[in-house]
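Data first, discussion second: the structure below is written as structure tokens.
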Amino acid sequence: MPYGQHVEKIAVYPGSFDPVTLGHLDIIQRAAKQFDRLVVAVLNNTSKNPLFSIEERKELLRLATSHLPNVEVDSFRDLLVRYMGSKNAQVIVRGIRSVTDFEYELQLASTNQHLDDSIETIFMMTNPKYSYLSSSIVKEIAQFGGDIHDLVPHEVEQALRVKFSHS
């Protein structure tokens with residue numbers, strides 16, 4: 001590479017995002033500041049039974065990140081390291097809420113490093129105000145008509161109300 005030429009730093013933040021929460025959005029906003037481009041990649045995990053379809057999750061993410069010009073929303077169903085190659089991405093971004101998250105994420109990061117040692121994983125600690133927050137908790141609260149306005153973006157709150165028929 002010629003001296004002074006800029007190599008675009010691309011990161012991928014993978015997850016199921018079923019649905020995207022304010023905790024996810026916090027990680028997305030902070031990671032977007034660190035990279036030229038951040039791809040938020042919705043995992044199409046066939047072993048799970050998601051509430052929202054892949055397309056619905058992508059649309060909710062697009063709406064929630066529309067103010068971030070360097071964020072792209074996509075989906076994948078392959079090995080993450082292969083997907084990374086298809087995006088010319090060098091870094092995986094993962095959010096960590098707890099020690100339990102760290103143990104699981106460290107295992108994934110080590111496996112990905114084994115599969116492709118050119119890919120780095122960075123861990124971002126969640127904002128403490130979201131440390132308890134998960135998509136599963138949000139869905140359970142929404143299912144029973146609880147208040148989720150301070151847990152998810154407005155568009156997600158509306159989509160959950162429609163899914164669970166609460167007004």
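No hydrogens, no waters, no symmetry mates; every other heavy atom, side chains included, goes into these values.
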Looking at side-chain heavy atoms only, is the closest gap between [X] and [Y] below 4.5 Å?
X	Y	result
Ser75	Asn44	no
Ile148	Leu160	yes
Leu51	Phe164	yes
Gln29	His67	yes
Leu115	Leu80	no
Pro19	Lys139	yes

Is the [atom1] atom of [X] crowded by more than 12 outside heavy atoms at less than 6.0 Å?
X	atom1	answer
Glu8	CD	yes
Asp147	CG	yes
Arg77	CZ	no
His114	NE2	no

query: Which other residues belong to the hydrophobic cluster containing Phe123, where Ile, Leu, Val, Met, Phe, Trp and Tyr are joined when side-chain heavy atoms lie under 4.5 Å apart, directly or via other members?
result: Ile96, Phe102, Leu106, Met125

query: Mind checking what makes salt bridge (charged side-chain N to carboxylate O under 4.0 Å, His left out) contact with Glu140, not counting sequence neighbours?
result: none

Please name the pair of heavy atoms, one in [X] and one in [Y], separated by the smallest distance, quoted to 0.1 Å.
X	Y	value
Val20	Leu25	CG2-N, 4.5 Å
His24	Ser135	CE1-OG, 3.3 Å
Leu22	Pro153	CD2-N, 3.7 Å
Leu43	Ile54	O-CD1, 3.9 Å
Val93	Pro14	O-CD, 3.5 Å
Arg161	Glu157	NH2-OE2, 2.7 Å

Within the side chain of [X], is there an N or O that forms a donor-acceptor pair under 3.5 Å with the backbone of [Y]?
X	Y	value
Asp18	Phe52	yes
Arg57	Ser16	yes
Gln90	Ile10	yes
Asn70	Phe35	yes
Thr21	Gly23	yes
Arg97	Leu133	yes
Asp78	Tyr83	no
Ser98	Asp101	yes

query: Linking I/L/V/M/F/W/Y whenever their side-chain heavy atoms sit closer than 4.5 Å, directly or via other members, would Ile28 and Val156 fall into one cluster?
result: yes

message: I'd like to know if Tyr104 and Tyr130 are part of one continuous hydrophobic network [Ile/Leu/Val/Met/Phe/Trp/Tyr, side-chain heavy atoms within less than 4.5 Å].
response: no

query: Given Ile27 and Tyr13, is the side-chain contact (heavy atoms from CB on, under 4.5 Å) satisfied, shown in steps?
result: CA-CA 9 Å; Ile27 296 291; Tyr13 179 31; 3.7 Å; yes

query: Are Ser118 and Asp116 linked by a side-chain donor-acceptor pair shorter than 3.5 Å?
result: yes

field: Lys129 with Asp26: basic N within carboxylate O range, under 4.0 Å
entry: no

task: Please report the C-alpha distance between Asp74 and Lys87 in whole Å, then the side-chain angles of each, then the deciding distance to 0.1 Å, and finally whether the salt bridge (Lys or Arg N to Asp or Glu O under 4.0 Å) criterion is met.
output: CA-CA 10 Å; Asp74 196 14; Lys87 291 293 184 180; 3.2 Å; yes

- request: Quickly, which of Gln158, Glu56, Gln143 forms a side-chain hydrogen bond (donor to acceptor under 3.5 Å, both in side chains) with Lys163? Name it, please.
  value: Glu56

